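In what follows, residues are counted from 1 in the order of the sequence shown. Please read all numbers here as calculations on a predicted model, not as lab measurements.
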Amino acid sequence: QYGLKKSMGDTLTYYNDQGKAVHFILAGGLDNSIFQGNLLVSDKVLTSQFPSAGGSKVMLVEAPADRLQSVSAVLSESLPDYGIEITPAPERLAEFNSVENTYLTVFMVLGGLGLLLGTFGLGLVLMRNILERKHELALLLAMGYKKKQLLKLVLYEYSFLLLAGVISGAVSAFLGIFPSLVSPVFTIQPGFLLFLILAIVAGGVLWIFAASRIMLKQNLIHSLKEEA
């Protein structure tokens, strides 16, 4: 789809050893595998249309996990004249995914930096908002409310807003990536996402508690007298 700009059902045209056009219909695709960049056809078609190729140049050898080293050694010693090169399938797949994994790592680091800056931004906004409500809290304190009650009041109020924001953001993100979620080649790490959401909630609650404590340590009654 990305290299050939083709989709399922499209036709690829090649010329065989006799110079005649051979049409191949893309009947299906594979998930992330070691066959990236290859067109899979039957051996009968390959030898009949391209006899000069001499057959397949890549072979898959299945061996028990505990005998991989011994099988590799036997093949290397038995076929040295053919220039054999043995590569474990996981290693070959990792080479294909190395560029993608590098990009994912970079974006993850940038995302973590954005999360860190967003958390500090959240703390500054909360601090400013609570400072603007200083006279309101002072009035409640003058009416007989205790500082612990005011602390709970502020915590409950801003925690509700925090949870509402996180839930609405998570739902919006889910709707945004839903087309990718239904794709069979898309993978997601629910553990990492859960950790990220919990980190945002924990950071927000920490900032709310810290800003509230700093505010309530001030002489609110004095600020109320100044306003009067």
Side-chain angles (χ1 to χ4, degrees), residues 1-111 114 169-194 196-197:
Q1 290 180 348
Y2 295 101
L4 298 175
K5 303 298 186 293
K6 300 288 186 180
S7 301
M8 294 300 101
D10 291 344
T11 302
L12 295 177
T13 302
Y14 291 94
Y15 292 92
N16 60 15
D17 290 352
Q18 291 78 33
K20 296 181 180 181
V22 182
H23 304 287
F24 293 94
I25 298 177
L26 298 177
L30 298 175
D31 290 344
N32 191 19
S33 68
I34 60 176
F35 295 110
Q36 293 185 35
N38 292 276
L39 178 65
L40 303 182
V41 299
S42 67
D43 183 68
K44 180 179 179 181
V45 172
L46 181 64
T47 54
S48 63
Q49 299 295 332
F50 305 94
S52 61
S56 301
K57 296 182 180 179
V58 178
M59 298 183 180
L60 299 180
V61 180
E62 184 177 4
D66 56 344
R67 298 184 58 188
L68 291 179
Q69 297 295 333
S70 59
V71 172
S72 298
V74 171
L75 292 176
S76 299
E77 295 173 357
S78 303
L79 305 171
D81 297 337
Y82 294 93
I84 185 173
E85 180 181 354
I86 301 175
T87 305
E91 181 179 330
R92 185 174 180 86
L93 186 59
E95 291 177 358
F96 282 135
N97 294 333
S98 59
V99 176
E100 179 182 354
N101 292 336
T102 301
Y103 276 107
L104 291 177
T105 302
V106 171
F107 286 125
M108 187 175 296
V109 172
L110 293 177
V171 172
S172 301
F174 174 78
L175 294 177
I177 66 172
F178 181 76
S180 299
L181 289 176
V182 297
S183 175
V185 299
F186 183 80
T187 57
I188 193 171
Q189 298 179 353
F192 175 75
L193 290 180
L194 181 61
L196 192 62
I197 294 175

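When every heavy atom of Q49 is checked against every heavy atom of Q18, the shortest pair comes out as O-OE1, 4.2 Å. Annotation for L26 and L12: closest pair CD2-CD1, 3.8 Å, computed over non-hydrogen atoms. Across every non-hydrogen atom of I84 and S76, the tightest pair is CG2-CA, 4.2 Å. For the pair A63 and V71, the tightest heavy-atom approach, listed with the atom from each and the gap, is CB-CG2, 3.8 Å.
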Can you check side chain to side chain contact (heavy atoms under 4.5 Å, CB included) on F24 and T11, steps first, answer last?
-> CA-CA 5 Å; F24 293 94; T11 302; 6.0 Å; no
Verdict with supporting geometry, F35 and V58, side chain to side chain contact (heavy atoms under 4.5 Å, CB included) | CA-CA 10 Å; F35 295 110; V58 178; over 6 Å; no
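Distance check: E62 CD to L68 CG gives 10.5 Å after rounding to the nearest 0.5 Å. Here the OG-CZ distance, from S72 to R67, works out to 11.5 Å after rounding to the nearest 0.5 Å. In this structure, I86 CD1 and L75 CG are separated by 4.5 Å, a value rounded to the nearest 0.5 Å.
Side-chain N/O atoms of T13 and H23 include a donor and acceptor closer than 3.5 Å.
For the pair F50/V45, no side-chain contact is recorded, criterion being any heavy-atom separation below 4.5 Å from C-beta on.
In the displayed structure, I25 atom CD1 is contacted under 6.0 Å by at most 12 heavy atoms of other residues, nucleotides or ligands. Within a 6.0 Å sphere centred on CD of E91, other residues, nucleotides and ligands contribute more than 12 heavy atoms. Counted within 6.0 Å of CE on M59, heavy atoms from surrounding residues, nucleotides or ligands total 12 or fewer; the atom is thus considered open.
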